[in-house]
2 protein chains.
Amino acid sequence: MNNKKQIVDALRKRGNKVTPQRLVTIEVLLTFRQQHFSVEELFLGVKQRNPDVGMSTIYRTVQILEEMGLITKRNFDDGFARYELCELDEKHWHHHLICLKCGKVIEMQDDFLEALEKEIEEKKDFMIINHELKVYGYCSDCYAITKGVKFD
Amino acid sequence: MNNKKQIVDALRKRGNKVTPQRLVTIEVLLTFRQQHFSVEELFLGVKQRNPDVGMSTIYRTVQILEEMGLITKRNFDDGFARYELCELDEKHWHHHLICLKCGKVIEMQDDFLEALEKEIEEKKDFMIINHELKVYGYCSDCYAITKGVKFD
DNA sequence: GTCCCTGCAAACAATTTGCACTGAA
DNA sequence: TTCAGTGCAAATTGTTTGCAGGGAC
């Protein structure tokens with residue numbers, strides 16, 4: 001599910017129509033790769049290639065793509081919803097380090113929460129589908145600026 | 001930082017004034033204990049004791065309390081920001097199991113992410129202040145309803 | 001030809017802000 | 001007395017929706 005053709009086919013299979021607006025949206029989407037994009041950023045990208053697309057079309061398309069499991073919503077408390085492309089094949093979820101000072105988001109591939117998951121499924125009787133770990137703190141740049149002095 | 005007097009003192013120390021509205025807000029806040037409350041819920045609670053308080057006052061107070069580190073913002077994708085009381089003393093952060101079907105949020109005390117934290121601080125050069133783990137899946141009730149049939 | 005999709009504008013909902021007044025210090 | 005805090009209403013902002021026209025199938 002990482003190239004245009006596959007996505008287009010999946011759209012048709014769902015009974016959705018493949019319009020030029022959606023094609024452009026998918027193209028732009030695929031250029032985002034690892035980024036966390038907002039709907040507005042996607043909108044601007046699409047507008048560069050086709051200035052006549054409306055904001056609401058992007059919102060509606062994003063909704064469909066989320067239902068399809070192609071993108072996931074993330075929240076970094078910066079005022080608007082952010083999305084990122086899913087790697088549906090791999091089960092390698094990644095984590096986010098969020099700097100409290102500059103807001104930078106660092107991705108971190110790592111998945112040794114498996115032991116924790118097993119425990120949760122047993123002890124809490126909960127079927128796990130996905131998980132998300134956010135670590136808040138200070139990135140090396142921001143920490144350096146203060147020379148280790150505590151923020152407040 | 002878990003009783004009224006301490007909070008009031010902390011407010012004064014910050015140079016904030018202690019108004020009746022803020023006192024009531026703090027009182028209601030403390031009754032919430034382990035709950036994840038929205039600003040609106042806090043507002044309704046305050047209004048019961050003092051009907052003349054305005055919504056914006058609550059928003060402004062919540063902002064101050066967050067700056068003071070007394071409450072933290074959480075996001076459960078239900079449309080509005082939620083907050084919860086912090087236990088500043090203990091480092092026992094807790095995790096959230098979120099049911100994708102009914103939206104129920106189950107809390108889970110557990111903190112064996114320490115090994116992971118150590119690794120992050122070393123490998124990524126990142127000073128960790130806090131972390132948040134959200135696990136998405138299906139609670140026992142919702143899973144039971146479908147008799148194990150996969151959701152879609 | 002049938003509906004789904006579109007763009008636009010208006011509607012929404014959570015949160016913020018401007019302002020004149022009030023009251024804690 | 002002073003200036004932060006307040007209530008109200010209006011403004012903002014991200015997102016959703018109603019609708020008439022247009023295009024994919």
Side-chain angles (χ1 to χ4, degrees), chain A residues 4-5 7-26 28 36-68 71-83, chain B residues 4-5 7-29 36-68 71-83:
Chain A
K4 203 168 137 186
K5 194 181 173 310
I7 300 174
V8 166
D9 288 346
L11 262 181
R12 287 222 176 78
K13 198 163 288 173
R14 271 175 49 100
N16 288 116
K17 285 178 181 166
V18 178
T19 65
Q21 291 93 332
R22 286 185 181 164
L23 280 173
V24 179
T25 305
I26 292 167
V28 174
H36 312 109
F37 59 91
S38 64
V39 177
E40 176 136 29
E41 282 158 7
L42 182 55
F43 174 59
L44 292 176
V46 171
K47 234 177 157 44
Q48 284 188 334
R49 308 193 186 201
N50 181 349
D52 297 327
V53 199
M55 190 82 198
S56 36
T57 301
I58 306 292
Y59 269 104
R60 285 186 271 233
T61 304
V62 162
Q63 209 164 300
I64 291 174
L65 296 173
E66 197 186 0
E67 284 170 18
M68 290 168 66
I71 56 179
T72 342
K73 196 186 277 184
R74 300 280 180 195
N75 190 299
F76 299 118
D77 282 329
D78 64 346
F80 22 58
R82 294 196 163 274
Y83 294 84
Chain B
K4 203 167 135 186
K5 194 182 172 313
I7 299 176
V8 167
D9 289 345
L11 261 181
R12 287 224 177 77
K13 199 163 290 173
R14 271 175 48 100
N16 288 115
K17 286 179 180 166
V18 178
T19 65
Q21 291 92 330
R22 287 185 181 164
L23 281 173
V24 179
T25 305
I26 292 166
E27 281 166 20
V28 174
L29 188 75
H36 312 110
F37 59 91
S38 64
V39 177
E40 175 134 31
E41 280 158 8
L42 182 56
F43 174 59
L44 293 176
V46 171
K47 233 175 157 47
Q48 283 188 336
R49 307 191 187 203
N50 181 348
D52 296 328
V53 198
M55 189 83 198
S56 36
T57 301
I58 306 293
Y59 270 103
R60 285 186 271 232
T61 304
V62 162
Q63 209 164 301
I64 291 174
L65 296 172
E66 198 186 0
E67 284 170 18
M68 290 168 66
I71 57 179
T72 342
K73 195 185 279 184
R74 299 282 180 194
N75 189 298
F76 300 118
D77 281 329
D78 63 347
F80 25 58
R82 293 195 163 274
Y83 294 84

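Convention: sequence-line order gives letters A, B, ...; per-chain numbering from 1.
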Spacing of B:Asn75 atom CG relative to C:dT15 atom P, expressed in whole Å: 10 Å

Pair B:Asp9 + B:Lys13: basic N to acidic O under 4.0 Å: no

Distance, rounded to the nearest Å, where A:Met55 contributes CE and C:dA10 contributes P: 18 Å

A:Phe80 side chain, from C-beta outward: closest of C:dG7, C:dT15, D:dT15: D:dT15

Result of checking A:Leu42, A:Val62, A:Thr72 against A:Tyr83 for side-chain contact (heavy atoms from CB on, under 4.5 Å): A:Val62

Any A:Gln21 side-chain N or O less than 4.0 Å from OP1/OP2 of C:dG7: yes

Sub-4.5 Å side-chain heavy-atom contact between A:Phe37 and A:Ile71: yes

Nearest-nucleotide 5' precedence on DNA chain C, A:Ser56 against A:Ile64: A:Ile64

Interatomic distance, A:Ile58 CD1 vs C:dT6 C1' [rounded to whole Å]: 11 Å

Atom pair distance, as rounded to whole Å: CZ in B:Arg14 and P in C:dA24: 19 Å

OP1 or OP2 of D:dT6 under 4.0 Å from side-chain N/O of B:Arg60: no

A:Asp52 CG - D:dG23 P separation (whole Å): 12 Å

Heavy-atom side-chain proximity of B:Thr61 to B:Val46 below 4.5 angstrom: no

Sugar-phosphate, base or nothing in reach of A:Gly79, heavy atoms under 4.0 Å: sugar-phosphate

D:dT15 OP1/OP2 closer than 4.0 Å to side-chain N/O of A:Tyr59: yes

Side-chain donor or acceptor of B:Arg22 paired with backbone N/O of B:Lys17 under 3.5 Å: yes

Interatomic distance, A:Lys47 NZ vs C:dC8 C1' [rounded to whole Å]: 11 Å

Closest listed nucleotide, where the reference is the side chain of B:Thr19 and the choices are C:dC5, D:dG5, D:dT16: D:dG5

Gap between atoms CZ and C1', on A:Arg12 and D:dC25 respectively (whole Å): 9 Å

Touch class at under 4.0 angstrom, heavy-atom based, for B:Pro51 against every strand present: nothing

Nucleotide nearest A:Lys17 (side chain, heavy atoms from C-beta), chosen from D:dG5, C:dT15, D:dC25: D:dC25

B:Arg22 side-chain N/O to C:dA24 phosphate OP1/OP2 under 4.0 Å: no

Length of the CZ-C1' vector between A:Phe43 and D:dG14, whole Å: 13 Å

side-chain N/O A:Asn16 vs C:dC5 OP1/OP2, d < 4.0 Å: yes

